[in-house]
Colleague: 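Provided herewith is a single structure, encoded as structure tokens, for subsequent inquiry.
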2 protein chains.
Amino acid sequence: MRTTSVNHFILETLQDSQTHLNAHQVYEQVRQRLPSLNPSTVYRALERLALAGKISVSDMGCGAVVYEAVGGCRHHHLVCHGCGAVITLGDDLVRGWFAQVEAGHHFQVATNHLVLFGYCEACRQKGEGQEQSLWEA
Amino acid sequence: MRTTSVNHFILETLQDSQTHLNAHQVYEQVRQRLPSLNPSTVYRALERLALAGKISVSDMGCGAVVYEAVGGCRHHHLVCHGCGAVITLGDDLVRGWFAQVEAGHHFQVATNHLVLFGYCEACRQKGEGQEQSLWEA
DNA sequence: AATTATAATGCAAATAATTGCAATTGCAAA
DNA sequence: TTTGCAATTGCAATTATTTGCATTATAATT
Ligand SMILES: [Zn+2]
Ligand SMILES: [Zn+2]
Ligand SMILES: [Zn+2]
Ligand SMILES: [Zn+2]
């Protein structure tokens with residue numbers, strides 16, 4: 001990966017924001033410094049940075065895929081299908097399990113920002129996620 | 001969820017194919033029985049079936065999201081970034097870990113087809129996934 | 001500094017997926 | 001059955017993302 005200004009600015013933007021940004025948000029930020037920037041350049045740079053392990057790429061149910069800088073303390077998330085709540089999961093529990101998977105399958109896991117969907121306590125009590133239908137087997 | 005023919009045919013298509021199909025493939029299949037079918041109807045029906053837990057939705061790195069019927073024996077996958085190899089992971093190891101996550105966070109995990117990316121043994125030996133850059137901290 | 005090979009970019013076009021809205025349909029209550 | 005409501009659909013427009021190709025820029029080599 002070459003040291004282009006786009007790579008640099010995107011990484012800087014994600015590191016500074018410390019949150020999940022979608023491609024358009026990254027584009028708008030970086031465009032302030034590189035006015036001639038093209039959206040497809042951003043998509044390609046994001047893909048590059050992700051493959052290099054410098055950022056994470058995740059579908060968190062927000063319509064567009066979101067990106068985040070992968071810093072010293074990794075983390076993961078639980079996202080509620082009912083209310084959209086995002087719970088952060090430390091890396092300890094995840095790393096340990098990944099190690100098990102790796103050991104059992106001769107495979108090196110690179111996923112650096114796992115997102116699991118489900119239902120939070122509040123939504124579960126409201127009955128969310130209990131959809132039934134006439135089709136049940 | 002109502003018992004519409006679209007819901008029925010989509011579910012049947014996915015159950016019969018026993019593989020991962022993308023939205024366009026599902027559309028083509030079902031359209032043979034419902035010629036006036038519209039793609040957006042398929043997307044919406046797929047979303048519905050997924051929310052009801054009858055099918056899984058996953059990005060397996062094929063460009064388009066893929067869907068699969070969730071049958072009796074659940075499974076998950078490891079996908080190699082280097083060569084695209086897809087390794088199937090039984091549900092036992094996954095279910096156990098999900099239970100841990102659920103217990104620790106008052107959250108009911110609904111993810112029914114987990115996909116982890118990484119590098120297979122062969123690609124690891126070829127040096128894939130070892131990309132370095134001039135930027136290393 | 002000039003040359004070369006290849007990675008990165010811009011642009012336009014293609015593909016994938018979502019959304020608003022009016023018309024239709026399934027389902028259940030009357 | 002008939003009626004009424006809400007879920008579902010088609011269609012067009014919008015948004016999100018990818019891709020082909022010609023051009024430009026980076027970094028190594030001469
Ligand atoms: Zn995060
Ligand atoms: Zn919730
Ligand atoms: Zn599968
Ligand atoms: Zn591989």
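Chain identifiers are assigned alphabetically (A, B, ...) following the order of the sequence lines, protein sequences preceding nucleic acid strands; residue numbering begins at 1 within each chain.
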Colleague: Could you tell me the separation between the CG atom of Leu34(A) and the C1' atom of dG10(C), rounded to a whole number of Å?
Modeller: 13 Å

Colleague: Any idea which of dT17(D), dC11(C), dA12(D) is nearest the Ser40(A) side chain?
Modeller: dC11(C)

Colleague: Got a sec, which residues hit side-chain hydrogen bond (donor to acceptor under 3.5 Å, both in side chains) with Gln25(A), two or more places apart in sequence or on another chain?
Modeller: none

Colleague: Who are the side-chain contact (heavy atoms from CB on, under 4.5 Å) partners of Ala122(B), not counting sequence neighbours?
Modeller: Cys120(B)

Colleague: If the cut-off is 4.0 Å, is Tyr43(A) near the phosphate of dT17(D), judged by side-chain N/O to OP1 or OP2?
Modeller: yes

Colleague: Taking OH from Tyr27(B) and P from dA17(C), how many angstroms apart are they, rounded to a whole number?
Modeller: 15 Å

Colleague: Report the residues that fulfil side-chain contact (heavy atoms from CB on, under 4.5 Å) with Ala23(B), sequence neighbours left out, ordered by chain and then residue number.
Modeller: Tyr43(B), Leu46(B), Tyr67(B)

Colleague: Take the C1' atoms of the five end pairs on each side of the helix from dA1(C)-dT30(D) to dA30(C)-dT1(D), derive the two axes, and give their angle rounded to 10 degrees.
Modeller: 30°

Colleague: Does Tyr27(A) have any ring pair (Phe, Tyr, Trp, His ring centres under 6.0 Å) partners at least two apart in sequence or in another chain, and if so, which?
Modeller: none

Colleague: Could you list the donor-acceptor pairs under 3.5 angstrom formed by side chains in residues 97-105 of chain A, with sequence neighbours left out?
Modeller:
from      : atom 1 : to        : atom 2 : distance (Å)
Trp97(A)  : NE1    : Leu93(B)  : O      : 3.4
Glu102(A) : OE2    : Val109(A) : N      : 2.7
His105(A) : ND1    : Val101(A) : O      : 3.3

Colleague: Rounded to whole Å, how long is the line connecting atom CG of Leu46(A) with atom P of dA16(D)?
Modeller: 14 Å

Colleague: Who passes side-chain contact (heavy atoms from CB on, under 4.5 Å) against Ser36(A), sequence neighbours left out?
Modeller: none

Colleague: Measure CD/Glu47(A) against P/dA16(D) and give the value in whole Å, please.
Modeller: 18 Å

Colleague: Tell me every residue that passes ring pair (Phe, Tyr, Trp, His ring centres under 6.0 Å) with His20(B), counting only those two or more places apart in sequence or in another chain.
Modeller: His77(B), His113(B)

Colleague: Between dT15(C) atom C1' and Asn22(B) atom CG, what is the distance in whole Å?
Modeller: 11 Å

Colleague: In this structure, how many angstroms lie between the C1' atom of dA16(D) and the CE atom of Met60(A), rounded?
Modeller: 18 Å

Colleague: Measure the distance from CZ on Arg31(B) to C1' on dT9(D) and round it to the nearest whole Å.
Modeller: 16 Å

Colleague: Atom CG of Leu51(A) and atom C1' of dT18(D): how far apart are they, to the nearest Å?
Modeller: 16 Å

Colleague: Which distance, rounded to the nearest 0.5 Å, do you find between the CG of Asn7(A) and the CD of Glu12(A)?
Modeller: 12.5 Å

Colleague: Quick check on the hydrophobic clustering: are Val94(B) and Val115(A) connected, directly or via other members, by side-chain heavy-atom contacts under 4.5 Å?
Modeller: no

Colleague: What does nucleotides 3-9 of chain C look like as a protein-contact string, B for base, S for sugar-phosphate only, - for none, at under 4.0 angstrom between heavy atoms?
Modeller: ---BBSB

